[in-house]
Amino acid sequence: MGRIDAAGISCHCKITMYDRSEVKERLRKALEFYRELGFEYLPVENAGAAGGRRTVEEARAGHIRKDGDEELKSLRAVIGDCRRCRLSEGRRNIVFGEGPPHAALMFIGEGPGRDEDIQGRPFVGDAGKLLTKLIAKMGMKREDVYIANIIKCRPPLNRNPQEDEIAACLPFVEKQIEIISPSVIVCLGKVSAHALLGTDIPISRLRGAFLQYRGIPVMPTFHPAYLLRNPRDKWLTWDDMQKVLEKMKGG
Ligand code: URA
């Protein structure tokens with residue numbers, strides 16, 4: 001995988017030799033796909049670093065630039081009854097994500113599990129209950145934050161999503177981030193952190209320090225499902241969340 005501070009699609013491209021016309025065709029298709037999603041520019045390294053982004057104060061005061069609700073609805077419509085990858089074959093529901101369209105804090109998990117697949121909502125199973133408790137401990141309500149996943153369909157038997165499945169779905173969460181424009185992102189677990197940050201550094205080493213995704217501070221931390229299996233590490237995630245709260249205060 002690519003660089004730690006790069007969050008663009010380039011990080012997920014395999015380096016393969018193509019002839020010129022094939023490169024052109026692939027580029028054309030990729031650009032069409034991003035345009036279909038409503039991107040006005042491509043998510044490449046250093047693009048828009050902080051520029052034009054809301055300050056933490058504006059975000060907390062609820063300043064709204066565009067109708068985020070409408071934009072999220074249009075994005076959901078673009079996803080439609082998605083058949084872009086094999087995960088569509090076994091899913092019951094697409095789990096788009098939920099929360100205020102201009103939430104200051106965004107949590108990004110891996111992908112739906114069984115309960116999420118049934119209900120069509122993110123983090124509603126046991127891991128979700130722990131996440132909801134964590135949010136409450138941070139002094140917020142679940143309804144105050146936006147919760148999404150890297151992939152929007154449940155993998156069979158909850159296996160890890162494969163690289164091509166992540167590549168097919170990543171533009172959607174990227175677009176959600178663009179619309180919501182949160183002040184801080186929390187990546188829950190390695191799949192989320194690796195996909196968004198373009199790194200393969202183990203989550204145990206990544207967590208606890210802010211990285212950047214297109215100018216937005218990103219805190220990688222343990223996935224709540226991991227914490228259910230390893231409750232002794234909960235304090236580490238709590239430590240990470242203190243840093244998130246500080247950052248949201250402008251620290
Ligand atoms: N795990 C995730 O990563 N996402 C969910 O929505 C639920 C469990």
>> List the residues meeting ring pair (Phe, Tyr, Trp, His ring centres under 6.0 Å) with Tyr146, not counting sequence neighbours, and say none if there are none.
In response: none
> Which pairs pass side-chain hydrogen bond (donor to acceptor under 3.5 Å, both in side chains) with one or both residues in residues 112-124, sequence neighbours excluded?
Replying inline: Glu98-Arg121
>> Quick test of your reading: applying salt bridge (Lys or Arg N to Asp or Glu O under 4.0 Å), list the pairs with at least one residue in residues 146-157, sequence neighbours left out, ordered by first then second residue.
In response: none
>> Applying salt bridge (Lys or Arg N to Asp or Glu O under 4.0 Å), can you list everything that pairs with Arg232, at least two apart in sequence or on another chain?
In response: none
> Mind checking what makes side-chain hydrogen bond (donor to acceptor under 3.5 Å, both in side chains) contact with Asp233, not counting sequence neighbours?
Replying inline: Tyr226
>> Taking side chain to side chain contact (heavy atoms under 4.5 Å, CB included) as the definition, give me every residue that meets it alongside Asp164, ordered by chain and number, with sequence neighbours left out.
In response: Arg86, Gln162
>> Using the side-chain hydrogen bond (donor to acceptor under 3.5 Å, both in side chains) criterion, which residues pair with Asp240? Sequence neighbours excluded.
In response: Arg207, Thr221
> salt bridge (Lys or Arg N to Asp or Glu O under 4.0 Å) with Arg159: which residues, sequence neighbours excluded?
Replying inline: Glu165
> Got a sec, which residues hit side-chain hydrogen bond (donor to acceptor under 3.5 Å, both in side chains) with Glu70, two or more places apart in sequence or on another chain?
Replying inline: none
>> So, using side-chain hydrogen bond (donor to acceptor under 3.5 Å, both in side chains) as the criterion, who are the partners of Asp144 when residues are at least two apart?
In response: none
> Residues in side chain to side chain contact (heavy atoms under 4.5 Å, CB included) with Lys133, at least two apart?
Replying inline: none
> Taking only residues two or more places apart in sequence or in another chain, which ones pass side chain to side chain contact (heavy atoms under 4.5 Å, CB included) with Ser74?
Replying inline: none
